[in-house]
Undergrad: 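Pasting a structure below so you can have a look.
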There are 2 protein chains.
Amino acid sequence: MTNVNKKQIRKVAEKAGVSVATVSRVLNNYPFVKDETRARVTDVIKKYNYSPSYFGRALSKKRSENICLVIPMNFSTDSQYFMDILRGMTEAIAVSSYNLLFPPVCSDEHFMQNVADKIDSAVFMAPPVNDKKISLLKEAGKPVVVINSRIEDAPRIDINNRKAVRKMMNYLIKLGHNKIGLIAGYLKSPNAAERLDEYKKTLYENNLQLKKEWVLNGDYETKKTYKKVRNLFSGGKEKPTALFACNDTMAISAIKALKDSKIRVPEDITVTGFDDIFIARYTSPSLTTIKQPFIDMGSKAVESAIALMNNKKLDSEEIILDTKLIVRQSSKEIK
Amino acid sequence: MTNVNKKQIRKVAEKAGVSVATVSRVLNNYPFVKDETRARVTDVIKKYNYSPSYFGRALSKKRSENICLVIPMNFSTDSQYFMDILRGMTEAIAVSSYNLLFPPVCSDEHFMQNVADKIDSAVFMAPPVNDKKISLLKEAGKPVVVINSRIEDAPRIDINNRKAVRKMMNYLIKLGHNKIGLIAGYLKSPNAAERLDEYKKTLYENNLQLKKEWVLNGDYETKKTYKKVRNLFSGGKEKPTALFACNDTMAISAIKALKDSKIRVPEDITVTGFDDIFIARYTSPSLTTIKQPFIDMGSKAVESAIALMNNKKLDSEEIILDTKLIVRQSSKEIK
DNA sequence: GCCATCCTTGAAACCGGTTACAAAAAAATC
DNA sequence: GATTTTTTTGTAACCGGTTTCAAGGATGGC
């Protein structure tokens with residue numbers, strides 16, 4: 001009568017007539033196993049369709065093979081670009097034994113107690129500059145990678161925001177616009193602040209006026225943006241001829257506000273976005289925007305995380321990817 | 001000289017002057033521990049900021065506390081509604097010790113080898129009717145919940161598609177439309193098929209003509225939809241006065257196609273959608289559509305999964321949530 | 001005061017792997 | 001052929017918890 005409940009690896013060992021150590025060595029591709037022995041063990045493994053227990057392994061190796069994915073607390077459902085990033089991430093782990101772990105929204109202590117243990121590294125999407133979870137994780141020896149933000153001592157996957165803003169501004173100026181407004185993002189995020197700064201710089205360099213009424217604080221929120229745009233375009237104030245929104249959803253919301261104010265886009269005013277989310281090519285008018293390579297960013301972030309958790313050094317602490325100006329219908333030269 | 005490397009729980013036990021078993025009992029809220037002992041142990045735990053090792057625990061309990069989230073292989077980045085579902089899911093696990101696990105896209109065997117072990121249950125989003133992973137998981141004793149689909153013996157979170165279609169059709173008919181076209185979804189999905197079927201039924205019941213040229217096979221894809229709509233509205237064929245798209249992105253794409261054909265929405269033709277994705281209220285014109293309660297669906301799915309993995313019985317094998325007709329600008333009564 | 005019952009605790013086995021160490025076997029050196 | 005070196009293997013400890021089982025102590029009934 002065979003013991004059915006025999007711990008798996010011991011059963012394989014028995015059937016193959018070797019010790020559990022040897023089976024383990026075969027499983028881990030340890031080089032000094034005689035070919036003949038290896039073959040025998042492999043056969044048994046195949047025959048019984050054995051695969052090692054994740055937990056047994058993780059416990060002794062102290063490795064989870066999980067990468068944690070942290071998105072900002074206030075991530076709203078309009079963060080459509082997140083789907084692209086996620087796609088890039090899943091591509092980067094395809095066919096690997098790594099998994100992505102989505103933590104619950106919770107306090108920092110809860111996070112450390114219930115998540116930190118389960119992961120080998122983490123990717124943070126656009127975290128605030130002094131995210132406590134990041135420092136706690138690093139204290140615990142878990143590498144962290146950030147996307148679209150900058151955190152001291154954490155590898156960063158990002159775009160060159162200044163260059164991107166400049167591309168758009170130069171394009172608008174070339175179209176003849178000299179009254180350009182900005183719909184800024186959430187200014188506590190370093191990237192949003194940088195975009196605003198570069199907007200100002202470009203205006204200055206081109207001898208264009210910076211009117212602070214034309215800098216709208218959209219905070220990446222559609223509702224807020226809608227209100228501010230309607231407000232700007234009501235009454236007899238002087239109006240810009242182009243509005244550069246720091247993300248696409250704000251641009252779309254702005255267009256809506258303008259239409260509701262009976263102002264035509266692009267005939268009466270040019271509106272441009274930032275991100276190139278999926279829907280940007282299907283809105284009416286379709287959106288002129290700056291494309292961020294989100295899928296790539298997701299892949300690179302995960303690749304970096306994997307390298308770090310395997311104690312490899314990264315070639316570079318910063319991976320800055322290219323952006324691209326995408327011209328569609330929402331922009332037009334000035335008459 | 002104290003042994004620093006003492007296994008954690010043993011260290012706590014020693015400091016508290018009890019056995020590891022007792023510490024474990026305290027950790028697991030076992031009732032028959034003397035209050036005084038419990039207090040002593042709790043103090044030590046707090047003092048050393050101890051929290052039990054996830055892997056040690058998982059290994060002996062055979063529980064991972066992870067819920068796997070499977071999205072269809074062909075999920076495209078325009079599946080914006082996924083963000084809402086995800087939000088609902090994270091809400092449902094907030095402050096719990098459960099986590100969401102995102103598997104890599106991979107073969108069924110790979111999935112079983114590298115993911116099945118790590119999870120206690122799984123939620124599948126709109127899986128094809130005979131998804132192999134689902135049956136394998138169930139064989140392995142892991143409960144599965146499906147959203148927006150139907151799989152034998154798996155609890156289902158869904159809407160009443162027939163009712164939803166009927167709501168929209170009745171609305172359109174009340175507006176005076178009697179030439180209504182449908183942009184169907186991916187017909188291998190049971191829900192898409194059901195919507196098509198109910199569309200036909202409603203036409204029949206209202207003595208309206210069913211013209212098969214007016215049933216466009218959009219497959220939930222924007223590009224395909226764009227082409228088919230442009231095609232339908234070129235040449236001298238008879239045209240519908242309303243188009244009912246089975247999701248919002250197809251509706252948005254259809255509107256784009258119509259505009260590019262110089263046909264005005266809603267003045268010349270009514271276009272409606274399905275889902276009520278975030279952007280639907282910001283497109284121009286904003287979209288009349290059927291709201292699916294995605295956030296709710298996500299929460300309910302996770303709640304069901306948690307109940308099942310804790311061996312609780314569900315109140316019901318099917319949770320059918322309400323839909324709502326949202327009237328916006330893209331629909332208009334016929335003159 | 002004695003016995004049955006219930007509460008409380010600890011020892012040790014168990015979950016299923018990995019790995020340090022040492023010994024045995026094979027190959028290389030002289 | 002004896003000695004050294006290199007491969008190959010097994011034993012047993014280890015990772016850090018949970019749980020069964022049995023025993024000791026407290027309580028209640030008579």
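This is a predicted model, so every value here is computed, not measured. The sequence lines fix the lettering, A, B, ..., with proteins before strands; numbering per chain opens at 1. Heavy atoms only: backbone and side chains are in, while hydrogens, waters and symmetry mates are out.
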Undergrad: Give the rounded distance in Å between these two atoms: CD1 of B/Ile9 and P of C/dA12.
TA: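 My rounded result for the distance is 17 Å.
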Undergrad: Measure the distance from CZ on A/Arg10 to P on C/dT18 and round it to the nearest whole Å.
TA: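 It is 10 Å, rounded to the nearest whole Å.
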Undergrad: Looking only at side-chain atoms of B/Ala21, point me to the closest of D/dG10, D/dG17, C/dA12.
TA: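 Looking only at heavy atoms from C-beta outward on B/Ala21, the closest nucleotide is C/dA12.
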Undergrad: Can you check the B/Phe32 CZ to D/dT18 C1' distance for me, whole Å?
TA: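 In whole Å, D/dT18 C1' lies 18 Å from B/Phe32 CZ.
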Undergrad: Quick one: is C/dG10 close enough that its OP1 or OP2 comes under 4.0 Å of any side-chain N or O from B/Ser19?
TA: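 The answer is yes; a side-chain N or O of B/Ser19 sits under 4.0 Å from OP1 or OP2.
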Undergrad: Report the nucleotide, chosen from C/dA12, D/dA12, D/dG16, that has the shortest atom-to-atom distance to any side-chain atom of A/Val20.
TA: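 So the nucleotide nearest the side chain must be D/dA12.
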Undergrad: With nearest nucleotide decided by heavy atoms, which residue, A/Phe55 or B/Arg38, maps closer to the 5′ end of DNA chain C?
TA: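 The residue whose closest nucleotide sits nearer the 5' end is B/Arg38.
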Undergrad: Looking at C/dT8, I'd like to know if its phosphate oxygens (OP1 or OP2) sit under 4.0 Å from a side-chain N or O belonging to B/Thr37.
TA: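 False: B/Thr37 side-chain N/O out of range (4.0 Å or more) of C/dT8 OP1/OP2.
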Undergrad: Check the distance between D/dT19's P and B/Leu59's CG and give it to me in whole angstrom.
TA: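 Going from CG in B/Leu59 over to P in D/dT19 covers 12 Å.
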Undergrad: Contact class for B/Val23 vs. all strands (heavy atom < 4.0 Å): base, sugar-phosphate, or nothing?
TA: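 Here B/Val23 touches no strand at all.
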Undergrad: When the nearest nucleotide of DNA chain C is assigned to B/Ser60 and to B/Arg25 on a heavy-atom basis, which residue is associated with the more 5' position?
TA: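 On the 5' side of the pair lies B/Arg25.
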Undergrad: Nearest whole Å is fine: how far is D/dA26 P from B/Asp35 CG?
TA: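 Atom CG in B/Asp35 sits about 16 Å away from atom P in D/dA26.
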Undergrad: Under a 3.5 Å cutoff, is there a donor and acceptor pairing between the side chains of A/Asn66 and A/Asp120?
TA: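 On atom types as modelled, these side chains do not qualify, holding no pair under 3.5 Å.
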Undergrad: Indicate whether OP1 or OP2 belonging to C/dA20 is found under 4.0 Å from a side-chain N or O atom of A/Tyr30.
TA: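 Checking C/dA20 against A/Tyr30, no side-chain N or O comes under 4.0 Å of OP1 or OP2.
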Undergrad: Nearest of C/dT9, D/dT8, C/dC15 to any side-chain atom of B/Thr22?
TA: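 The listed nucleotide nearest to B/Thr22's side chain is C/dT9.
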Undergrad: Knowing that exactly one of B/Lys61, B/Lys62, B/Arg63 qualifies, which makes a salt bridge (charged side-chain N to carboxylate O under 4.0 Å, His left out) with B/Glu65?
TA: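 For B/Glu65, the salt bridge (charged side-chain N to carboxylate O under 4.0 Å, His left out) check succeeds only for B/Arg63.
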Undergrad: If you compare every side-chain N and O of A/Tyr54 against the phosphate oxygens of C/dC15 (OP1, OP2), does one of them come in below 4.0 Å?
TA: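 So the side-chain polar atoms of A/Tyr54 never come under 4.0 Å of the phosphate oxygens OP1 or OP2 of C/dC15.
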Undergrad: Angle between the end axes of the helix from C/dG1-D/dC30 to C/dC30-D/dG1, five pairs per end, to the nearest 10 degrees?
TA: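 About 30°, once rounded to a multiple of 10°.
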Undergrad: Just the rounded figure in Å: distance from P of C/dT19 to CG of A/Leu27.
TA: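 One finds 11 Å between P of C/dT19 and CG of A/Leu27, rounded.
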Undergrad: We want to know whether B/Asn114 and A/Asn99 form a side-chain donor-acceptor pair, criterion being a heavy-atom distance below 3.5 angstrom.
TA: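 No, A/Asn99 and B/Asn114 have no side-chain donor paired with an acceptor closer than 3.5 Å.
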Undergrad: Determine whether any donor atom in the side chain of A/Arg57 lies under 3.5 Å from an acceptor atom in the base of C/dG16, or the reverse, and answer yes or no.
TA: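 Counting by modelled atom types and ignoring angles, no donor-acceptor contact under 3.5 Å is found here.
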Undergrad: Could you check whether A/Tyr186 and A/Tyr220 have their ring centres less than 6.0 Å apart?
TA: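 A/Tyr220 vs A/Tyr186: aromatic centres not under 6.0 Å.
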Undergrad: Could you tell me how far apart A/Arg63 (CZ) and C/dT18 (C1') are, to the nearest whole angstrom?
TA: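 In whole Å, C/dT18 C1' lies 14 Å from A/Arg63 CZ.
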Undergrad: Between A/Asp158 and A/Arg156, is the salt bridge (Lys or Arg N to Asp or Glu O under 4.0 Å) condition met? List the steps.
TA: CA-CA 6 Å; A/Asp158 210 340; A/Arg156 163 179 170 234; 3.1 Å; yes
Undergrad: Identify which nucleotide among C/dG16, D/dT8, D/dG17 has an atom closest to any side-chain atom of A/Lys34, counting heavy atoms from C-beta outward.
TA: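 The closest nucleotide is D/dT8.
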Undergrad: Return the orientation label for the A/Phe55 and B/Phe55 ring planes: parallel under 30°, perpendicular over 60°, tilted otherwise.
TA: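 Plane angle between 30° and 60°, so tilted.
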Undergrad: If I take atom OH in residue A/Tyr50 and atom P in nucleotide C/dG16, what distance separates them, rounded to the nearest angstrom?
TA: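 Roughly 10 Å, once rounded to whole Å.
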Undergrad: Quick one: which of D/dG16, D/dT7, D/dT19 gets closest to the side chain of B/Lys61?
TA: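 Looking only at heavy atoms from C-beta outward on B/Lys61, the closest nucleotide is D/dT19.
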Undergrad: Using a cut-off of strictly less than 4.0 Å, decide whether B/Lys62 has a side-chain nitrogen or oxygen near OP1 or OP2 of C/dG16.
TA: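 Affirmative; the distance criterion is met.
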Undergrad: Give a yes-or-no answer on whether the side chains of A/Ser51 and B/Gln113 include a donor-acceptor pair shorter than 3.5 Å.
TA: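 No, B/Gln113 and A/Ser51 have no side-chain donor paired with an acceptor closer than 3.5 Å.
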Undergrad: What does A/Ser24 touch in the nucleic acid at a heavy-atom separation under 4.0 angstrom: a base, only the sugar-phosphate, or nothing?
TA: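 A/Ser24: base contact, heavy atoms under 4.0 Å.
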Undergrad: Do A/Met125 and A/Val70 touch side chain to side chain, with heavy atoms closer than 4.5 Å?
TA: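 No - every pair of side-chain heavy atoms lies 4.5 Å or more apart.
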